[in-house]
Amino acid sequence: MMRFLSKGTKAYGIFNLKCPKCHEGNQFPTPTFSFRKSFDMHDNCPHCGQNFMPEPGFYYGAMFLSYIFMAWFCIGFVAFVHWVLGLSTGVSFALLIGVCAIFFVYIFRFARSLWLNMNFKYDPEQSRSDL
Ligand SMILES: [Zn+2]
């Protein structure tokens, strides 16, 4: 596996939706693409107990991140499909809606994961399996 995605790096925690502190516990109880309980999140890390909701409104920051990310993604996607692949504007937007519907849950979770990982540091001590 690539170095930057190995355990202990920010990218590992963010992309795998793991607890930012131990990189062991999952942030979400269900798999992203199962589309069940998509927006449920653990209150605490199931492995090390890290609080995932340290204060009310903690995830407002994540919401802004996902807005910014989504806006650029949508612009880029439509521009690519329309100009590079040469499909009509209507088809481009229809495809965009389809792609957003599929990745909406992942982007929601990804933004929260990114936000958590920006606010908490990895602690190798916490990742031991004997906790
Ligand atoms: Zn943890």
Side-chain angles (χ1 to χ4, degrees):
M1 194 186 270
M2 282 186 301
R3 173 71 186 89
F4 106 109
L5 279 178
S6 58
K7 201 174 161 197
T9 64
K10 287 275 180 211
Y12 177 89
I14 294 166
F15 284 100
N16 292 294
L17 310 178
K18 294 286 188 190
C19 166
K21 198 164 185 184
C22 68
H23 287 184
E24 287 290 335
N26 290 318
Q27 291 173 30
F28 301 93
T30 57
T32 302
F33 294 103
S34 72
F35 296 102
R36 289 180 300 114
K37 298 186 175 177
S38 296
F39 305 106
D40 282 11
M41 191 176 192
H42 288 303
D43 292 329
N44 298 90
C45 173
H47 183 79
C48 73
Q50 168 66 46
N51 187 357
F52 287 159
M53 188 54 88
E55 57 193 73
F58 179 70
Y59 289 104
Y60 279 127
M63 212 172 64
F64 285 113
L65 282 180
S66 69
Y67 270 134
I68 295 164
F69 181 79
M70 280 304 281
W72 283 106
F73 173 79
C74 292
I75 292 168
F77 182 85
V78 170
F80 177 80
V81 173
H82 185 61
W83 283 308
V84 179
L85 301 182
L87 299 174
S88 73
T89 314
V91 172
S92 304
F93 277 99
L95 281 173
L96 175 68
I97 291 164
V99 168
C100 287
I102 293 167
F103 286 99
F104 184 74
V105 174
Y106 185 75
I107 290 164
F108 169 88
R109 291 182 169 198
F110 180 84
R112 288 198 161 202
S113 184
L114 187 62
W115 190 246
L116 261 184
N117 276 278
M118 283 166 72
N119 283 280
F120 295 102
K121 273 205 165 75
Y122 176 60
D123 177 1
E125 269 296 293
Q126 299 291 333
S127 75
R128 284 167 23 226
S129 55
D130 56 327
L131 279 175

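Every heavy atom of this structure was used, including side-chain atoms; hydrogens, water molecules and symmetry mates were not. Just follow the structure's listing: the first ligand is 1, and inside any ligand the first atom is 1. Residue numbers run from 1 in the order of the sequence given.
Within the structure, every pair that satisfies the side-chain hydrogen bond (donor to acceptor under 3.5 Å, both in side chains) test and touches residues 16-28, not counting sequence neighbours, is listed here: K7-E24, K18-N26, Q27-S113.
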Mind listing the side-chain donor-acceptor pairs of residues 60-85 below 3.5 Å, one per line with the distance, residues two or more places apart or on another chain?
{"from": "S66", "atom 1": "OG", "to": "M63", "atom 2": "O", "distance (Å)": "3.0"}
{"from": "H82", "atom 1": "ND1", "to": "L87", "atom 2": "O", "distance (Å)": "2.9"}

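Within the protein, the N, O or S atoms sitting under 2.8 Å from the Zn ion (ligand 1) are C19 SG, C22 SG, C45 SG, C48 SG.
Outside the 6.0 Å centre-distance limit, the rings of F103 and F110 are not counted as a close aromatic pair.
In this view, F28 satisfies the ring pair (Phe, Tyr, Trp, His ring centres under 6.0 Å) rule with no residue, not counting sequence neighbours.
With rounding to the nearest 0.5 Å, the separation of CD1 in I107 from SG in C100 is 6.0 Å.
Of all heavy-atom pairs between C19 and F52, the closest is CB-CZ, 3.7 Å.
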